[in-house]
Amino acid sequence: MPELPDVEGFRRFFRAHALGKTVRSVSADPAILRGVTPAALGRALHGRRFEEPSRVGKWLTCWTDGPALLFHFGMTGSFVWSAADGGPERHRWDRLTLVLAEGGELRYRNMRKLGGVWLAHDQHEVDDILATLGPDAFAVTGSQFIKLLDHRRGGVKAALMDQSFIAGIGNILADDILWQARIHPKRRIQTLTSEERQRLSATIRSILRQAVESDDFMLLKRPRLGQVRGEPGAACPRCGTPLARTVTAGRTTYFCPRCQPDIP
DNA sequence: TTGGTTGTTATTAT
DNA sequence: AATAATAACAACCA
């Protein structure tokens, strides 16, 4: 599922293929566009040149020398590049295709229709779309995060997944982070010791850094919960204890009952 | 055929 | 007011 490291990969991908390139034409599935029609999007982007794309949380903002395109990848979104000569054919789930004047097509593919594509005409409109997001989970400093925790009550996993609290962490990453930091997902934030808060902060930074650098989170060599989650009879990669399964904020949650004891 | 999956939003409850 | 729980959305897979 696209979480922060995946979207950071999409940012680099977009940059590698579209930076400095000019839009010749756009074709779009209206079902994936938010607040703009395919025709209006085509008019807004025609002849525009892409500038440096930026990311906050799971959102990607692709600026041109005019308006900006914003992407959210939902649970199944990705980018596909098709070179001018011999690239892959268009696919039924390619919801948006940017045909570039210099050759090639950059496609936004999304099997389902969660997520979407927005058009913003200026910085103010971009800010409006991203207004509810908390600070980016990878950009936030340790002391900023500790301060955020001071003002948050309730379950720790629910907070990590709350995009308005901190942006970029989804269900899979949250489980991995809490397992690595040895904190039970349902621990109340008020009950976390300052040592645990520090450990949580450091773990977020370390896991996100490795995930972003590895380019492919699933290939990370370090022991991770994500390597075994979902397997029948899954055991903790650290101690071999059978993993426990529960539901938090409506999402399946795996944790090690031995490494992550529940302290009320 | 049914249930499970996941990110976000909306709604309702605490 | 803030947090929690739940359903809804979409579409595939087992």
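Quick caveat, the model's predicted, so the values are computed rather than measured. Order of the sequence lines fixes the chain letters, A, B, ..., with proteins taken first and strands second; residue numbering starts at 1 for each chain.
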Does A:Glu8 reach the main-chain N or O of A:Leu4 with its side chain, forming a donor-acceptor pair under 3.5 Å? no

So A:Arg15 and A:Glu52, salt bridge (charged side-chain N to carboxylate O under 4.0 Å, His left out) or not? Walk me through it. CA-CA 7 Å; A:Arg15 188 184 191 284; A:Glu52 192 70 36; 2.6 Å; yes

Watson-Crick or G-U wobble partner for C:dA1, using a 3.5 Å limit on both distances? none

Check this one for me: any side-chain N or O of A:Gln163 less than 4.0 Å away from OP1 or OP2 of B:dT8? yes

Return whichever of A:His72 or A:Arg245 has its heavy-atom-nearest nucleotide of DNA chain B closer to the 5' end. A:Arg245

If you look only at pairs with a residue in residues 75-87 of chain A, which of them pass as a side-chain hydrogen bond (donor to acceptor under 3.5 Å, both in side chains), with sequence neighbours excluded? A:Thr76-A:Asn110, A:Ser82-A:Arg107

Nearest-Å distance, CE (A:Met161) to P (B:dT8)? 10 Å

For atom CG of A:Leu114 and atom C1' of B:dG4, their distance in whole Å: 15 Å

Rounded to whole angstrom units, what separation is found between the CZ atom of A:Arg112 and the P atom of B:dT9? 17 Å

For atom CZ of A:Arg34 and atom P of B:dG7, their distance in whole Å: 17 Å

Using the benzene-type ring in the case of Trp, are the ring centres of A:Phe73 and A:Phe10 under 6.0 Å apart? yes

Report which part of the nucleic acid A:Ala158 touches: base, sugar-phosphate, or nothing (heavy-atom distance under 4.0 Å, all strands). sugar-phosphate

Taking the inter-plane angle between the rings of A:Tyr108 and A:Phe79 on a 0 to 90° scale, is it parallel (under 30°), tilted (30 to 60°) or perpendicular (over 60°)? perpendicular

Can you see if the side chain of A:Thr252 gets near the phosphate of B:dT5 - specifically, an N or O under 4.0 Å from OP1 or OP2? yes

Whole-Å gap separating C1' (B:dT8) and CH2 (A:Trp59): 9 Å

Salt-bridged, A:Asp65 to A:Arg49, with N to O below 4.0 Å? no

Going 5' to 3' along DNA chain C, which are the first and last nucleotides with any atom under 4.0 Å from a heavy atom of chain A? C:dA2 to C:dC12

Return the value, rounded to whole Å, for the distance between atom CG of A:Leu130 and atom P of B:dT9. 11 Å

Taking atom C1' of B:dG7 as reference, at what distance in whole Å does atom CG of A:Asp6 sit? 13 Å

Closer to the 5' end of DNA chain C via nearest nucleotide, is it A:Arg251 or A:Arg153? A:Arg153

Between B:dT8 (P) and A:Phe71 (CZ): distance, integer Å: 17 Å

Output yes when A:Glu196 and A:Arg187 qualify as a salt bridge under the 4.0 Å nitrogen-oxygen rule, no when they do not. yes

Nearest-nucleotide 5' precedence on DNA chain C, A:Arg152 against A:Ala249: A:Arg152

Tell me what A:Gly155 touches on the nucleic acid: a base, only sugar-phosphate, or nothing, going by heavy atoms under 4.0 Å. sugar-phosphate

